[in-house]
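No experiment lies behind these values; they were computed from the predicted model shown.
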Amino acid sequence: MGSVDKTLFLLSRGGDTTIVQIYVDDIIFGGSSHALVSSFAKQMSREFKMSLMGELQFFLGLQIKQGLEGTFVHQAKYTRDILKKFNMGDSKPMTTPMSTNTALDANEDGEAVDQKEFRGMIGSLLYLTATRPDIQFAVCLCACYQASPRTSHLQAVKRIFRYLKFTPELGLWYSSGSSLSLRGFSDADHAGCRIDRKSTSGTCQLLGTSLVSWSSFKQASVALSTTEAEYLLWIKATLSDFGLRFGRIPLLVDSTSAIFVAKNPVLHSRTKHIDVRFHFLRDHFEKGDIDLIHVVSANQLADIFTKPLELQVEGVDNALIKGEIESQWTGLIALLV
C-alpha cells in the first residue's frame with residue numbers, strides 16, 4: 001500500500017513492478033512485466049466477480065490513447081456531449097475561453113437567469129477541467145456566481161462553451177521521453193477580485209514536461225499561501241512509493257517580495273501580520289525540501305490560472321493550433337491529430 005495514497009498498491013518481484021490504482025469499484029493496473037500483470041488479473045478474477053476490460057482506453061469519462069511516444073489523455077467525447085446538452089453545438093467558436101477585458105462582479109442590478117441551468121453548466125465544466133487546465137481560471141471565476149447568476153455571468157459561461165467548440169480535442173500529453181525532474185510554478189494576481197479585492201493564486205506542478213497537478217483559487221490573505229509547497233511535497237512523497245527520490249524541489253515564483261518573506265529568518269515589523277502557517281514555506285526551505293526560485297513573468301506557466309488565457313489561436317488547421325499552443329505550453333497541452 002502506498003504511504004500517502006492508500007488506494008495505490010505496488011508489488012515488486014524480481015526487478016519488475018506491478019502498479020494498481022483503485023477508485024471505488026474500478027481498478028487500473030499495469031507493470032513492467034506482462035507475466036506479472038497477467039498473473040494479477042487472473043488472481044483478481046478468481047477472488048472477485050469482475051470484468052477485465054483490456055487495455056486502458058476509457059476511464060471515468062477520460063479517454064486515454066497510449067503509444068510508444070507517450071500517453072494522451074482527453075475528454076473529446078464528453079466535450080461534444082455537453083455542447084449538445086446545453087444547445088451550444090452550433091454556436092460560433094471562440095479562440096479563448098474568456099476575454100482579457102472581462103471583469104465579472106455580482107451585478108445585482110442585472111437580469112437573473114435560470115439558476116439550475118447555470119449550475120448544471122458550471123458542474124459540467126468543472127469535470128472537464130480534469131484534462132483542460134486552459135479553462136480552469138475561467139470556470140472557477142464563473143463558479144463564484146452560482147448563488148445568484150445574472151445574464152453577464154451566463155454570457156461568460158457560454159463564451160467558455162464557444163471556446164470548447166473551437167478546441168474540443170485538446171488534452172494532456174505525457175511523453176515517454178520526459179525526464180523525471182519535479183518542479184512547481186506559483187503565481188498570483190494583485191487584488192484581482194472586484195468584490196473583496198482578494199488575490200487569486202495559480203499553481204501547477206510538472207514531472208519533467210508532464211503537467212501532473214494544477215489549481216486556481218482565491219487566497220485567504222494577500223500573502224504567499226502554503227498550498228504551492230504542500231502540493232509539491234505531497235507529490236514528492238507519492239513518487240517515493242515508485243522508487244523516485246528528489247532533493248530540493250524548485251518552486252518558481254515571479255514575486256521577489258514573496259520569496260524574500262519566505263526566506264527571511266527574521267520576523268520584522270512588516271511581516272508580523274502574516275499568519276504562522278505561512279512560515280511553513282520557510283521551514284521547508286531551511287530543511288532542504290523546496291527551493292524558491294525567481295522566474296520572469298513571461299516564463300511563469302501558472303499565469304493562466306490567475307487571469308484569462310491570452311493565447312490567441314488563429315485558423316482552423318490542426319497542426320497550426322498545436323504549434324501555437326506548444327510554443328507557450330511545450331509538452332503540457334496537446335491536440336489529438
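Of the N and O atoms on the side chains of R183 and S181, not one donor lies less than 3.5 Å from an acceptor on the other residue. One side chain, Q75 or T131, offers a donor N or O that lies under 3.5 Å from an acceptor on the other. No side-chain donor from either of S32 and T17 sits under 3.5 Å from a side-chain acceptor of the other. For W214 and Q136, the side-chain atoms include at least one donor-acceptor pair closer than 3.5 Å. The closest side-chain donor-acceptor pair between R159 and T96 falls under 3.5 angstrom.
The pair K77-D81 meets the salt-bridge criterion, since a charged nitrogen lies less than 4.0 angstrom from a carboxylate oxygen. Note on R132 versus D134: salt bridge recorded, some NZ/NE/NH1/NH2 to OD/OE distance being below 4.0 Å. With respect to the salt-bridge test (charged N to carboxylate O, under 4.0 angstrom), the residues E169 and R80 qualify.
Rounded to the nearest 0.5 angstrom, K85 NZ and M121 CE are separated by 10.0 Å. Rounded to the nearest 0.5 Å, atoms CD (E69) and OG (S175) are 7.5 Å apart.
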With side-chain hydrogen bond (donor to acceptor under 3.5 Å, both in side chains) as the test, would you mind laying out the steps for N107 and Y145 before giving the verdict?
CA-CA 10 Å; N107 192 17; Y145 303 101; over 6 Å; no
What's the verdict on side-chain hydrogen bond (donor to acceptor under 3.5 Å, both in side chains) for T7 and Q21, showing C-alpha distance, side-chain angles and the deciding distance?
CA-CA 6 Å; T7 64; Q21 184 75 59; 2.6 Å; yes
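Other members of the hydrophobic cluster containing F40, listed by chain and number, are M1, F9, V20, I22, I27, F29, V37, M44, F48, M50, L52; membership follows side-chain contacts under 4.5 Å among ILVMFWY residues, whether direct or relayed.
Both Y163 and L128 are members of a single hydrophobic cluster when ILVMFWY side chains are connected at heavy-atom separations under 4.5 Å.
The side-chain contact (heavy atoms from CB on, under 4.5 Å) with I122 is formed by just one residue from the set E117, Q146, H153; it is Q146.
Within 6.0 Å of CZ on F58 lie more than 12 heavy atoms contributed by other residues, nucleotides or ligands. Surrounding NZ of K92 are at most 12 heavy atoms belonging to other residues, nucleotides or ligands under 6.0 Å away.
Screening residues 89-125 for ring pair (Phe, Tyr, Trp, His ring centres under 6.0 Å), with sequence neighbours left out, gives no hits.
Taking the side chain to side chain donor-acceptor pair (under 3.5 Å) definition, one finds that R13 meets it with nothing, sequence neighbours left out.
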